Structures are given as C-alpha cells and as structure tokens.
Amino acid sequence: MTDKSLQNFNISGFQKELIEWYQANKRNLPWRADQDPYKVWVSEVMLQQTKVDTVIPYFQRFISKYPTPYDLAYADEQDVLKTWEGLGYYSRARNLQNAVREIVSSYDGKVPDNPKQLGSLKGVGPYTKGAILSIAFNQPEPAVDGNVMRVLARVLKIDDDIAKSGTKKKFEQLAAAIVSHDDPSSFNQGVMELGALVCTPKEPMCMFCPVQDYCRAYQSGVEQELPVKSKTKKQKTVQYAALLIQNDNGDIVIEKRPENGLLANMWQFPMVPVDEIGKAHIEQWFRMEYGIDIILQVKKGNVSHVFSHLRWQLEVYEAYTTSLETADNRHRFVSSSELDHYPFPVPHQKMMKYLD
DNA sequence: AAGTCGGGGGC
DNA sequence: GCCCCAGACTT
C-alpha cells in the first residue's frame with residue numbers, strides 16, 4: 001500500500017480495545033442470535049442505507065416467512081415484495097431472491113464462503129460480501145460502510161471526501177490492513193457498532209470511546225470536522241394527478257409498475273403526468289393510454305412524498321368509469337379488500353385513506 | 001465519476 | 001427544511 005495513514009499506528013492495540021468494547025457493549029439484535037450465513041445475509045441487505053430500528057421488525061417477519069434459502073427461492077416475487085413493503089429500495093428484495101435462487105441451483109442451497117462466488121451474486125457488493133465473509137465465516141475481509149469510513153476518517157485523520165465514489169477503495173485497503181485475524185467478526189461489527197453508538201456523525205461521544213487514545217482526530221480536536229462529506233443536490237419535483245377510479249361494482253383500478261426503474265414491479269393507482277399534458281386533458285390522456293373512459297369527480301386531497309433524488313406531488317382525484325375490466329393483465333380492477341394482497345409503495349398507501 | 005434507487009427519524 | 005442511515009447498480 002502506498003498510503004501512509006497507518007505509519008506509527010498501533011494496529012494490535014486498536015484491535016484489542018475495540019473488540020473488548022464490542023464484546024461488552026454489543027446490542028442484542030435478532031440477527032446476532034446465531035451465525036447462519038443466510039440470516040446474516042438477509043440482515044445485511046436490509047441494513048443497506050437503513051437504520052437498525054427500522055430493520056428489526058422486517059427482519060423478524062422475513063425470517064419467519066422465509067426461514068431458509070429454499071423458502072425464499074420458491075416464493076412468489078410479489079409475496080416477497082409485499083413482505084418488503086415499506087422498507088424501500090425494493091430492488092434489494094428482488095436481487096436477494098435472484099441470488100438465493102442462484103445458490104439453490106448452483107451451490108446446493110449453501111451460501112458460498114469464497115469472495116469470488118459470493119461477490120458475483122446479485123445485490124452482493126463489496127460491503128455485503130465482506131460482512132458475510134467476516135461475520136458468518138470468520139474470514140479477515142474488510143467490510144466498509146458509512147460507519148467504517150467515518151470511524152477510520154477520524155481515527156486516522158483522513159480528509160478525503162467520503163461522498164466521492166473513489167474514496168471507498170482507499171478505506172477498503174486500510175480496513176483490510178487493520179482487520180483482526182483473530183476475531184474478524186467482532187472487529188468489523190465493532191467498528192460499525194462504535195460508529196452507531198459512540199462515533200456518531202454529529203456530537204460524537206469521545207469521552208466514552210474505547211479507542212480515544214488511538215484517535216488522531218480527537219488528539220487534534222478536529223473530530224467534529226471529520227469526515228469530509230460534500231453536499232448532495234436537492235430533488236426535482238414531479239406533479240401527478242393520481243386517480244382512485246371506481247366502477248359500478250365498487251372495484252378500483254390498480255396497475256403494476258414496469259419491471260425496471262423506480263419502484264419496479266410494485267403496484268399503484270394510475271398516475272397522470274400533469275406537468276406534460278396539462279390538467280385539462282387528464283380524461284382524454286387516460287383514454288388514449290389505458291383505453292378506459294373515466295369521469296373525474298372530486299379532488300380528495302394532496303399527497304407529497306420525498307425520494308432520494310425526486311419528489312412526488314400527487315393531487316388525488318376520485319373518478320368514475322363504466323368499464324368493468326381492463327385490456328391487459330398489468331391493469332386490474334380489484335375490490336378494496338383485495339388491495340391488501342398487492343405491494344404498494346408508501347405514497348400510494350397514503351392515498352388509500354381517501355377511499356371510502 | 002455521477003445518477004438512480006425508498007423511507008424514516010433526528011434536529 | 002437538511003442530514004443520515006451496516007450500499008449496489010447503471011450509465
């Protein structure tokens with residue numbers, strides 16, 4: 001390694017203090033009950049960009065429903081998405097099922113314990129690969145997430161911009177150099193636990209830090225200035241008219257979103273892009289696109305929803321149609337009780353409160 | 001290297 | 001409002 005960040009750094013002392021602290025202070029989390037590689041895997045995927053408290057109930061339900069790779073491999077994708085509903089980043093669920101089907105067909109249902117096979121599975125990137133190898137198989141592999149970059153940026157006083165895509169490689173090399181070979185699982189989880197409980201983004205609790213003596217940022221009094229992270233730019237707003245269309249049976253029109261892109265394969269109420277076509281043309285646009293005649297009735301309210309990179313502003317309308325069926329299977333008339341079986345993104349769950 | 005891809009919670 | 005979160009994938 002060409003980087004000099006580890007010169008004069010007491011690696012073994014740092015490892016020892018961190019692992020001892022982790023053993024004494026680790027939270028009792030459901031995915032820590034055993035080292036089942038499948039469960040470790042599921043937890044790591046759910047935890048991507050998602051807080052521990054949010055994941056816990058989802059993990060419990062998911063493992064109850066799909067206790068083994070076989071259960072998940074043989075499940076219907078729509079049921080998997082329904083179980084994932086509300087957790088976000090739904091491609092995680094679809095990639096996970098794709099990968100589990102791969103290990104059932106190619107690896108006898110066993111999670112591979114080598115980096116090459118593991119890393120080639122859908123949705124298993126550098127972090128998840130290292131996490132599974134270290135936590136489930138006790139291999140001294142680096143597992144660099146946001147916590148690890150923050151902790152190492154402070155401990156080693158590194159001012160690279162962690163928002164840039166190239167920076168992670170540098171931290172992966174450093175993490176590979178300092179990971180404990182005696183207890184890689186406790187070491188990697190210890191860094192992340194420290195980042196979550198002590199070495200937090202704002203107001204880190206350095207007085208309670210087990211590796212304070214090893215922290216160059218603390219010694220220089222710059223722990224609040226690190227890590228360096230450039231700003232993200234703000235979302236664009238898109239306006240839609242979102243339609244609760246009912247026929248004489250009391251059934252409601254829903255549609256399946258495309259298999260790629262935002263909220264892929266999730267279901268929703270029809271949305272009309274009023275930015276593009278103008279509010280006056282909603283009914284005729286709908287007839288063109290859906291082949292269904294509708295009559296707009298009353299506006300029921302507004303729903304706004306913020307995604308990572310865009311913002312939806314939905315005007316919710318009630319509408320009426322004389323149609324009783326749709327042209328293709330991507331659109332359906334369903335009763336209000338049947339709605340529960342389909343996976344809906346949160347903004348469309350918000351719309352359901354406007355149904356009678 | 002920059003965009004895309006959810007949703008919730010803290011302040 | 002803004003920021004963050006046990007990131008991966010596409011372009």
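Letters A, B, ... mirror the listed sequences (proteins, then strands); counts begin at 1. Since the structure is predicted, the reported quantities are computational estimates derived from the model, not experimental observations.
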**Message:** Categorize T128(A) for me: base, sugar-phosphate, or nothing, with a 4.0 angstrom heavy-atom threshold over every strand shown.
**Reply:** sugar-phosphate
**Message:** Nearest to the side chain of Q48(A), heavy atoms from C-beta on, is which of dC5(C), dA8(C), dA6(C)?
**Reply:** dA8(C)
**Atom NZ of K16(A): over 12 foreign heavy atoms under 6.0 Å** = no
**Request:** Go through the side-chain N and O atoms of N188(A) and S134(A) and say whether any donor and acceptor fall under 3.5 Å apart.
**Result:** yes
**Prompt:** Heavy atoms under 4.0 Å, any strand shown: does V52(A) hit a base, just sugar-phosphate, or nothing?
**Reply:** base
**Base dG6(B) paired with T50(A) side chain (donor-acceptor, <3.5 Å)** = yes
**Prompt:** So, Y58(A) versus T50(A): side-chain donor-acceptor pair below 3.5 Å or not?
**Reply:** no
**Message:** Mind checking if F307(A) touches a base, just sugar-phosphate, or nothing, with heavy atoms under 4.0 Å?
**Reply:** sugar-phosphate
**Asked** For R257(A), which contact category applies under a 4.0 Å heavy-atom criterion: base, sugar-phosphate, or nothing?
**Response** nothing
**Item:** N or O in side chain of H309(A) less than 4.0 angstrom from dC5(B) OP1/OP2
**Value:** yes
**Message:** Mind checking if K236(A) touches a base, just sugar-phosphate, or nothing, with heavy atoms under 4.0 Å?
**Reply:** nothing
**Fill in**
Which of Q23(A), K26(A), E193(A) passes side-chain hydrogen bond (donor to acceptor under 3.5 Å, both in side chains) with S186(A)? It is Q23(A)
**Request:** If dG3(B) has a Watson-Crick or G-U wobble mate with both distances under 3.5 Å, name it; if not, just say none.
**Result:** dC9(C)
**Request:** Look at all strands and tell whether S91(A) reaches a base, only sugar-phosphate, or nothing, counting heavy atoms closer than 4.0 Å.
**Result:** nothing
**Message:** Quick check for you: to the nearest 0.5 Å, what is the distance between W267(A) atom CH2 and L339(A) atom CG?
**Reply:** 11.0 Å
**Fill in**
Ranking dC4(C), dC5(B), dA6(C) by distance to the side chain of K229(A), first place goes to dC4(C)
**Asked** Touch check for G261(A), heavy atoms < 4.0 angstrom, all strands: base, sugar-phosphate only, or nothing?
**Response** sugar-phosphate
**Message:** Counting the atoms with a prime plus P, OP1 and OP2 as sugar-phosphate, which does K234(A) contact under 4.0 Å by heavy atoms, base, sugar-phosphate, or nothing?
**Reply:** nothing
**Request:** Among dC5(C), dA6(C), dG6(B), find the nucleotide with the atom closest to the side chain of N147(A).
**Result:** dA6(C)
**Message:** So, does R32(A) get its side chain near the phosphate of dA6(C), meaning an N or O under 4.0 Å from OP1 or OP2?
**Reply:** no
**Item:** Candidate list K353(A), K350(A), E315(A), test side chain to side chain contact (heavy atoms under 4.5 Å, CB included), partner V303(A), passing option
**Value:** K350(A)
**Request:** Check whether any side-chain nitrogen or oxygen of K129(A) sits under 4.0 Å from OP1 or OP2 of dA8(C), and answer yes or no.
**Result:** no
**Nucleic acid contacts - residues 342-353 of chain A versus DNA chain C, non-hydrogen atoms under 4.0 Å** = none
**Asked** Toward the 5' end of DNA chain B, which comes first, K164(A) or M46(A), by nearest nucleotide?
**Response** K164(A)
**Message:** So, does H305(A) get its side chain near the phosphate of dG7(B), meaning an N or O under 4.0 Å from OP1 or OP2?
**Reply:** yes
**Request:** Ignoring the backbone of L263(A), work out which of dC4(C), dG3(B), dG6(B) is nearest its side chain.
**Result:** dG6(B)
**Request:** Give a yes/no on whether any side-chain N or O of R92(A) is located under 4.0 angstrom from OP1 or OP2 of dC9(C).
**Result:** no
**Item:** Sugar-phosphate only, base, or nothing, as touched by R150(A) at under 4.0 Å among non-hydrogen atoms
**Value:** sugar-phosphate
**Asked** Which part of the nucleic acid, if any, lies within contact of W31(A), taking any heavy atom under 4.0 Å across all strands shown: a base, the sugar-phosphate backbone alone, or nothing?
**Response** base
**Prompt:** Does a donor on one side chain sit under 3.5 Å from an acceptor on the other, for E255(A) and Q268(A)?
**Reply:** yes
**Message:** Classify S308(A) by what it touches in the nucleic acid, base, sugar-phosphate, or nothing, heavy-atom distance under 4.0 Å.
**Reply:** base
**Request:** Just call it for L310(A): base, sugar-phosphate, or nothing, with non-hydrogen atoms closer than 4.0 Å on any strand.
**Result:** nothing
**Asked** K202(A) side chain N/O closer than 4.0 Å to the phosphate oxygens (OP1, OP2) of dC11(B)?
**Response** no
**Asked** Looking at dC4(C), dA6(C), dG7(C), which one has an atom nearest to any side-chain atom of K51(A)?
**Response** dC4(C)
**Item:** L87(A) side, atom CG; M46(A) side, atom CE - distance, nearest 0.5 Å
**Value:** 6.0 Å
**Request:** When you get a sec, tell me which of dG3(B), dG6(B), dA8(C) is the closest nucleotide to the side chain of K233(A)?
**Result:** dG3(B)
**Asked** Do Y290(A) and F286(A) have their ring centres less than 6.0 Å from each other?
**Response** yes
**Asked** Y90(A) side chain N/O closer than 4.0 Å to the phosphate oxygens (OP1, OP2) of dG7(B)?
**Response** yes
